[in-house]
Amino acid sequence: MNIIETENLTRRFGRNEAVHGLNLSVPQGSVLALLGPNGAGKSTTIKLLMNLLEPTSGTARVLGVDSRQLGEKEKAQIGYVSENQQLPLWMTVRQFLDYCRPFYPTWDRALEATLLKQFALPEDRKLKHLSRGMTMKAALLSSLAYRPNLLVLDEPFSGLDPLVRDEFIRGVLEVSALGEWTVLVSSHDIEEVERLADRVAVLEAGRLKFNEPTDVLLARYRRMTVTLGESEARLDGVPETWIEMERAGRVVRWVDCAFDAAKSEAECRARFGDAACVAQGMSLREIFLTLARTSRGAAAEVAS
Amino acid sequence: MSLVWHIIKKDMRRMAPAAALWLVLVVAGTWAVRLTELPMDVALGGEVSRWLAGVRTMSDLLLCVEVVLAAVLVAFLVQEDALTGTESYWLTRPIGRGRLFVAKVGGAALLFIALPLVALGAAWLASGFSLLELVWAGAEFAGWQIALIAVAVTVAAITADLGKFLFAVTGLALAAVVVGDYRLTEWLVGPTSGSLRGARTVMVILLAAPLLPTVLIIQFATRRTRLAWKVIGVAFGLMLLVRVAWPVAGKTYPQSTPRTGPETARFERLVIPADRRQPPAAFLTLEPMKKPGEFTTPWNGSGELRWANGRTAKIYFNPGGLWGEHAVKRLIGMAPETGPVNWDMAAWFPPPAELPAAGEAPTLEGSVWAPEMRAQVVVELPWRAGATVRVGSCRTRVVSVALKPNSTQLCVVVEERDAWLTADSGVRFGSWLRESDYSRRDSFALVNRRLGIFKALHIVEAGSLRRNSLLLSERTLEFDPPMIVENGERVEVRDWERDAVLVKVRFKAMASSWVTVPAQPLPVYDEEKKP
């Protein structure tokens, strides 16, 4: 069952199309990292899902309900943390939690106490007097304490120092381990969500590039290196799945984004003969950067 | 409901300091009117009016601050959980827009209507308001506050912050003036008939009435801020269009037919005063109405003077300084109960007309607007400074009685504290001190029944201070002391002040009509040359 499903979801701001025909699904219990460079449409997508914005066309269903019809019942099952969210900064942490609690029938006071301790939040301090990291942790606490079925994190790590970021991620991981939660986290930096995500979706210029499980993605991408012997290599007409092709002296490098051990080996032999061919695994960050560079290059080509 | 109250409590905690400040201003301003007393040492020669005008200026400034502060606080209350934008945290919480609307309106009503009403109720009770007066005063205060809250909630709901709210309120107020005041549009497109103007005003009101609820529904139900602004723009555009181009005139109501007959209205004489700066006094007689205490009272009128040589002049009338003297005298039983009643009217001639000369008797013909009024003795006060009488919520005090500087005239300053209610029904139920208001008018007289003295007192100064249904008013009265002729000389009546009382009579309009002044000679006298 998909907790989030979109169908041709589109949002325009004047002539600018922030999200274009998005078809995205997030299975229940998964942790999906929605990645993309700044301006890719991640936040707009999340705002459409949360009914903060209305789609220009297409539909989005969240928890089985049209996003435009999200009511109190559904929102009581959704946790939302965003870097841009305006919290009632005049409240103390305690007042903020006390204010939020009655709206959620499933609020777990024991979990609230545990998280309060884990995040080391000063209860009597006003939110406006907290550091940015502390404020985000307070927001996260207020979105976790009722054990939401869906947790949506929109760029939650921006501006957080590594230590706070780590605490934040640990908090989400620990709590998500307590139940069948679905998490949607957007970020422009894969490193931030690498530990969290079991699925990755990449948005670019409002379009979905792919949406697949992390392990499949990691298995699919390889950095290939061939050290050529005496014979010349054929570098023309390479498969489309070989990207970022480059040659430095006798060394040829590229990224294979449809790596299959036997098939890739055979293609290498066909082109480079008996030259030494090495396939190196890539991190999510490397894959993401490769994709970003490739897309930028393609966009520049189209523009020229 | 408990969640609505939960939101209200949160907002009240947030607003508490600022709302408390506003409440203090409202209550302090009202209690100031309740407790202020006219100082006795400045009570001569118009000084008291100037003093009161100064206090009123401060009071009015305070009122402006109160209104602006209330509007800003209501906006702050609404924008605490902003409806515009996508970043308010409540948007992603299980808080329905309907629930939020009820909480915001409820919070505003609690802070800006219920709490001040409790505080003001104490001031009203202390002022002796009757239950009916309390209800009316409360309703009037609540009515104004509801209007203010409705506008502030609506504009705050479609603006992102206080700066934009103030900007929008200013802009909408200007737009409202443009479409509301026919003079501006008629200045642009030329004058129109009264009936067409009335029809256009009705159409503007019909367009304006549903605007606030429509915008509120759009914003709270859909959060489509741009759509809300478009609706406002279209509505004001239509109102402007209606104001300048609505073609269908409304129904014209015929002016009431003047009553005719020589016995109905007659100007007895025109007196040129010794002080040439004062307007000539015209003395008009009108038949009283059938019931005791009810009079046909002239208010203002106009006519034309015609001389035998063909010269003509327009003449206008307003109530004179001793207006009501004869009626009051009759009311308290010191004049015969039958026959016409004399009324003192001030006459004026539009420039460049010349004043008629003493001894002339040009023919006057015209009409007078004459409300039918019921008169009632409101209070009788002992003739001494400091004398105070309280009847219900109305407390009257003689502030001072003194000889006017450099004059033989006496000067009396009377202070009144009263309920000031727009919706009143009785003669004494609320004071209203607009001198141009025909619906009520007060007359004062010095009466000494033991000596048979009756002297109408000339109101030379009047001022008032009003706040939240409380009125503090001041009237300065002047008169010549009672004189008799002894041994061929005019001397002051001895001991006239003993047992004398100050009588206040209020006239209240019941209906109005025009009275014809048929062609009649108007003898002109000169006060200086009077024997």
Side-chain angles (χ1 to χ4, degrees), chain A residues 11 13-14 18 43-44 46-54 62-63 67-92 95-107 126-127 135 138-139 142-143 146 148 150-154, chain B residues 1-20 73 76-104 107 156 159-164 218-228 230:
Chain A
R11 171 71 196 200
F13 295 103
S43 289
T44 304
I46 285 180
K47 284 175 180 173
L48 290 167
L49 294 174
M50 296 300 298
N51 193 26
L52 296 173
L53 290 173
E54 282 202 4
V62 178
L63 298 168
S67 64
R68 284 169 293 197
Q69 307 296 324
L70 283 178
E72 293 182 352
K73 186 180 155 215
E74 290 76 29
K75 284 184 181 171
Q77 302 171 57
I78 301 173
Y80 174 83
V81 179
S82 165
E83 61 164 342
N84 296 319
Q85 205 171 19
Q86 287 172 354
L87 298 174
L89 299 177
W90 57 275
M91 286 187 192
T92 63
Q95 285 170 338
F96 181 50
L97 295 175
D98 289 344
Y99 178 61
C100 291
R101 193 180 308 114
F103 295 109
Y104 298 95
T106 57
W107 190 280
K126 288 187 174 176
L127 294 178
T135 309
S142 73
S143 299
Y146 49 95
L150 171 63
L151 179 64
V152 179
L153 307 170
D154 185 8
Chain B
M1 194 59 204
S2 63
L3 288 180
V4 168
W5 180 236
H6 184 62
I7 300 170
I8 291 175
K9 276 195 294 185
K10 181 264 292 182
D11 285 338
M12 289 186 73
R13 202 162 50 227
R14 174 66 166 143
M15 306 284 298
L73 290 179
F76 189 72
L77 177 80
V78 173
Q79 290 176 346
E80 171 68 14
D81 298 297
L83 282 127
T84 58
T86 58
E87 281 150 17
S88 262
Y89 76 106
W90 76 271
L91 292 167
T92 55
R93 302 280 173 181
I95 302 171
R97 292 169 196 164
R99 198 192 296 279
L100 187 75
F101 174 73
V102 174
K104 293 297 171 184
T159 47
D161 52 51
L162 284 179
K164 286 177 181 150
I218 289 172
Q219 191 63 358
F220 274 92
T222 69
R223 288 206 315 119
R224 291 185 176 176
T225 308
R226 280 188 185 180
L227 177 63
K230 279 178 189 168

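First the proteins, then the strands, lettered A, B, ... as listed; each starts at 1.
- For Asn51(A), the parts lying under 4.5 angstrom from a heavy atom of chain B are both the backbone and the side chain.
- For Glu74(A), no part lies near chain B; criterion is any non-hydrogen pair under 4.5 Å.
- The candidate from Lys10(B), Lys9(B), Arg13(B) with the greatest count of non-hydrogen atom pairs under 4.5 Å with chain A is Lys10(B).
- Two residues are said to be in side-chain contact when any heavy atoms from C-beta on lie closer than 4.5 Å; Glu54(A) and Arg223(B) fail this criterion.
- Ranked by heavy-atom pairs under 4.5 Å with chain B, the first of Pro88(A), Gly71(A), Gly79(A) is Pro88(A).
- One finds the CG atom of Leu91(B) at 6.5 Å from the NZ atom of Lys75(A) (value rounded to the nearest 0.5 Å).
- With a 4.5 Å cut-off on side-chain heavy atoms, Ser82(A) and Glu87(B) do not count as touching.
- Between chain A and the residues Thr86(B), Asp81(B), Thr92(B), Ile7(B), the most heavy-atom pairs under 4.5 angstrom are made by Thr92(B).
- A 4.5 Å side-chain heavy-atom check between Tyr99(A) and Arg93(B) finds every atom pair outside the cut-off.
- Below 30°, between 30° and 60°, or above 60°: for Phe103(A) and His6(B) the angle between ring planes is above 60°, a perpendicular geometry.
- Interface remark: Arg14(B) contributes backbone and side-chain atoms alike to the contact with chain A (heavy atom separation under 4.5 Å).
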